[in-house]
Amino acid sequence: MIRLYDSARGSVVPLDPRDEGAVSIYLCGPTVYDLPHLGHGRHALVWDTLRRWLTFGGLAVRFVSNVTDIDDKIIARADAEHVGEDEITATYEAAWWDALDALGVARPDATPHATAYVDQMIALIERLLALDVAYECEDGIYFDVSRVADYGLLAGQPLESLRAGARVESNPDKRSPLDFALWKNAKFAEPSWSSPFGSGRPGWHTECVVMSLGLLGDDFDLHCGGLDLKFPHHENERAQAVALGRPFARHWAHHGWVMVGGEKMSKSLHNFTSLTDLLAQTDARAYRLLVLRSHYRSPIEVSPATVADAERALARLDALARRFALPALAGEGLEVASGVVWGDEGLALYETVEAAMEDDLDTPSAVAALFEAATRANALADEGATARATELAAALNACCGALGLRLIGDESALDAETLRLVTRRDQARAQREWAVADRYRDDLVARGWVVEDGPGGTVVRRA
RNA sequence: GGCGGCGUGGCCGAGUGGUUAGGCAGGGGCCUGCAAAGCCCCGUACUCCGGUUCGAAUCCGGACGCCGCCUCCA
């Protein structure tokens with residue numbers, strides 16, 4: 001079984017699923033009030049990789065990721081643009097899925113929306129009130145963090161220490177600055193739901209408890225998300241479950257940030273690049289490769305230079321796919337290892353990749369093994385060991401597919417004019433009329449093709 | 001103030017007590033009509049200062065620098 005760094009334990013431990021052969025994962029999804037940025041892209045890619053890998057290994061993965069569609073920022077944006085909240089959430093949720101589809105991120109098995117779970121959230125808050133773990137203030141209902149004995153588990157700090165660092169609290173009614181809103185009473189012209197404790201809307205930390213436990217059940221396996229959600233969001237989710245006496249996530253995993261110029265990319269720092277913009281000018285697979293080349297818990301620096309570097313590295317793998325006519329994998333469905341015929345060379349590669357992946361999702365090592373295999377497959381083919389080379393190349397492709405990395409080897413269909421130039425060039429070369437052949441090559445290059453001489457004559461691919 | 005992380009060759013980025021990470025870029029060679037793709041070879045890195053050790057980029061102590069969480073945030 002895969003070993004993962006568990007944020008609650010502070011160490012790498014084997015994943016210990018509740019049900020044998022199955023893994024239940026909850027991923028905190030986006031608040032849809034703006035275009036997704038590169039950090040969201042990494043978030044989606046990292047956990048898509050984990051999901052794909054576990055699935056590849058034969059586990060039945062149930063992957064749930066929510067969409068937060070009621071929130072202060074959504075309301076603020078709707079106000080600023082003089083449109084309804086519905087319009088904001090519809091626009092940006094569509095942008096979210098468009099971007100993830102482009103990245104080749106598989107859709108979750110379920111994508112619960114907060115607004116569809118308000119009734120359950122109200123019920124949860126009522127129970128917390130009944131247990132006296134929640135209390136009422138002028139502006140809403142708050143959770144009393146002092147009622148959870150091990151509050152601070154995920155933060156890695158005891159309650160007192162957290163309290164000492166808390167900033168000046170604007171709400172004097174709260175018993176502790178760390179207490180968080182379960183329910184916010186309705187203000188003028190805000191979306192609201194009626195409840196036993198008045199009209200209002202749920203606080204952010206409640207939705208994920210209700211939806212994760214509701215869809216995956218008590219004691220589900222893995223709760224993951226960005227490092228910035230560890231505290232207070234995940235801490236607070238957990239606090240509610242603990243207060244209710246319900247076993248929550250068995251494991252916690254968090255990924256690191258996308259950095260820009262040495263600083264965390266974030267909306268509040270205004271240093272973000274939208275994923276939508278990146279994907280408009282870059283091969284999405286290059287971003288996936290860039291993400292895979294660093295460890296998920298490390299920060300990654302994303303810049304035009306690092307993206308270009310990844311694009312060139314990807315070109316090397318695509319060239320291999322072209323040479324061995326490998327089929328494009330990692331499409332709509334998730335790949336499964338049991339369907340792969342490895343062969344000796346391939347099995348050695350798979351075992352190397354597997355060892356890396358099972359060691360806390362060590363994708364950099366896995367990718368290194370893939371590149372080494374690419375060199376070896378090419379070398380074998382150069383030596384004439386065609387069968388072994390082909391077998392290794394196929395295994396490499398299967399491993400890439402397992403990581404969600406789609407290699408593209410087949411050439412795009414050629415238009416008539418391109419086909420004509422290719423034929424003319426081959427004729428000229430057959431007659432050793434090099435100057436003429438070179439002129440046709442120049443024409444092809446001018447039309448956006450890269451020209452290579454293969455065993456069967458001119459081969460072109462898009463530049 | 002509390003807690004945590006990081007500092008690796010031109011760049012990106014792993015690793016972790018002794019043997020090549022990997023990629024990109026660069027140099028040399030092979031192949032090619034010339035290219036492209038591919039293969040082979042090359043740089044010999046680990047912030048600084050002490051310490052432990054036969055041996056440290058890797059462990060310990062200290063210094064310096066950087067980043068993050070403690071507030072919304074992937």
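This structure is a prediction, so every number in the text was calculated from the model and none was measured.
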Minimum-distance nucleotide to A:R429 side chain [options: B:rA14, B:rA37, B:rG33]
B:rG33
Partner lookup for B:rC72, please. Criteria are Watson-Crick or G-U wobble with both distances under 3.5 angstrom; report none if nothing qualifies.
none
Need one value for A:E383: base, sugar-phosphate or nothing, where a base atom within 4.0 Å counts as base even if backbone is also close, heavy atoms only.
nothing
Would you indicate what A:D71 reaches in the nucleic acid, counting non-hydrogen atoms under 4.0 angstrom: base, sugar-phosphate, or nothing?
nothing
Applying a 4.0 Å non-hydrogen cut-off, can you work out what A:E160 is touching in the nucleic acid: base, sugar-phosphate, or nothing?
nothing
How is A:A313 classified with respect to the nucleic acid when contacts are heavy atoms under 4.0 Å: base, sugar-phosphate, or nothing?
sugar-phosphate
I want to verify a distance call: between B:rC39, B:rG22, B:rG33, whose nearest atom is closest to the A:R425 side chain?
B:rG33
Using Watson-Crick geometry (N1-N3 plus N6-O4 or O6-N4) or G-U wobble (N1-O2, O6-N3), each under 3.5 Å, B:rG43 is paired with none
By nearest atom, which of the nucleotides B:rA25, B:rG68, B:rC11 is closest to the A:R312 side chain?
B:rA25
If you look at every strand shown and take non-hydrogen atoms under 4.0 Å, does A:T375 touch a base, only sugar-phosphate, or nothing?
sugar-phosphate
Only pairs with both distances under 3.5 Å count, Watson-Crick or wobble alike; so what is the partner of B:rG4 in this structure?
B:rC67
State which of B:rG33, B:rA14, B:rG23 makes the closest approach to the side chain of A:D453.
B:rG33
What does A:H37 touch in the nucleic acid at a heavy-atom separation under 4.0 angstrom: a base, only the sugar-phosphate, or nothing?
base
Does the side-chain ring of A:F371 sit on the six-membered ring of the B:rG22 base, less than 5.5 Å centre to centre and under 30° in tilt?
no
For atom CD of A:E237 and atom P of B:rA74, their distance in whole Å
13 Å
Counting heavy atoms from C-beta on, name the nucleotide in B:rG38, B:rA74, B:rG33 closest to the side chain of A:D382.
B:rG38
Atom pair distance, as rounded to whole Å: CZ in A:R293 and P in B:rC24:
8 Å
Touch check for A:K230, heavy atoms < 4.0 angstrom, all strands: base, sugar-phosphate only, or nothing?
nothing
Using whole Å, what does the distance between atom P of nucleotide B:rC72 and atom NZ of A:K264 come to?
12 Å
Could you check whether A:G39 gets within reach of a base, just the sugar-phosphate, or nothing at all, counting any heavy atom under 4.0 Å?
base
Assign A:R441 to base, sugar-phosphate, or nothing according to its heavy-atom contacts below 4.0 angstrom with the strands shown.
base
Rounded to the nearest 0.5 Å, what separation is found between the CG atom of A:L216 and the CG atom of A:D109?
9.0 Å
Which part of the nucleic acid, if any, lies within contact of A:H255, taking any heavy atom under 4.0 Å across all strands shown: a base, the sugar-phosphate backbone alone, or nothing?
base
By nearest atom, which of the nucleotides B:rA74, B:rC67, B:rA35 is closest to the A:W257 side chain?
B:rA74
Identified pairing partner of B:rG38, criterion: Watson-Crick or G-U wobble below 3.5 Å
B:rC30
Just how far, in rounded Å, is P of B:rC3 from CD of A:E235?
16 Å
Nearest-Å distance, CD1 (A:I300) to C1' (B:rA14)?
14 Å
So which nucleotide from B:rG13, B:rC72, B:rG38 ends up closest to the side chain of A:N378?
B:rG38
For a quick check of understanding: with a heavy-atom distance under 4.0 Å over all strands, which category does A:D72 fall into, base, sugar-phosphate or nothing?
nothing
Pairing partner of B:rC59, by Watson-Crick or G-U wobble and under 3.5 Å for both distances, is B:rG51
Mind checking if A:R439 touches a base, just sugar-phosphate, or nothing, with heavy atoms under 4.0 Å?
nothing
Just the rounded figure in Å: distance from P of B:rG33 to CD of A:E452.
15 Å
When you measure from the side chain of A:S161, which nucleotide among B:rC67, B:rA74, B:rG2 comes out closest?
B:rG2
Describe the nucleic acid contact of A:M265 in one word from base, sugar-phosphate, nothing, applying a heavy-atom distance below 4.0 Å.
base
Would one find a side-chain N or O of A:S266 under 4.0 angstrom from OP1 or OP2 of B:rA74?
no
Which whole-number value in Å describes the distance from A:R432 CZ to B:rC34 C1'?
12 Å
Listed nucleotide nearest any side-chain atom of A:H43, set B:rG38, B:rA74, B:rC67
B:rA74
Tell me what A:V46 touches on the nucleic acid: a base, only sugar-phosphate, or nothing, going by heavy atoms under 4.0 Å.
nothing
For A:N66 and A:Y26, which I'm curious about, is there any donor-acceptor pair between the side chains at under 3.5 Å?
yes
Quick one: which of B:rA74, B:rG22, B:rA37 gets closest to the side chain of A:R461?
B:rA37
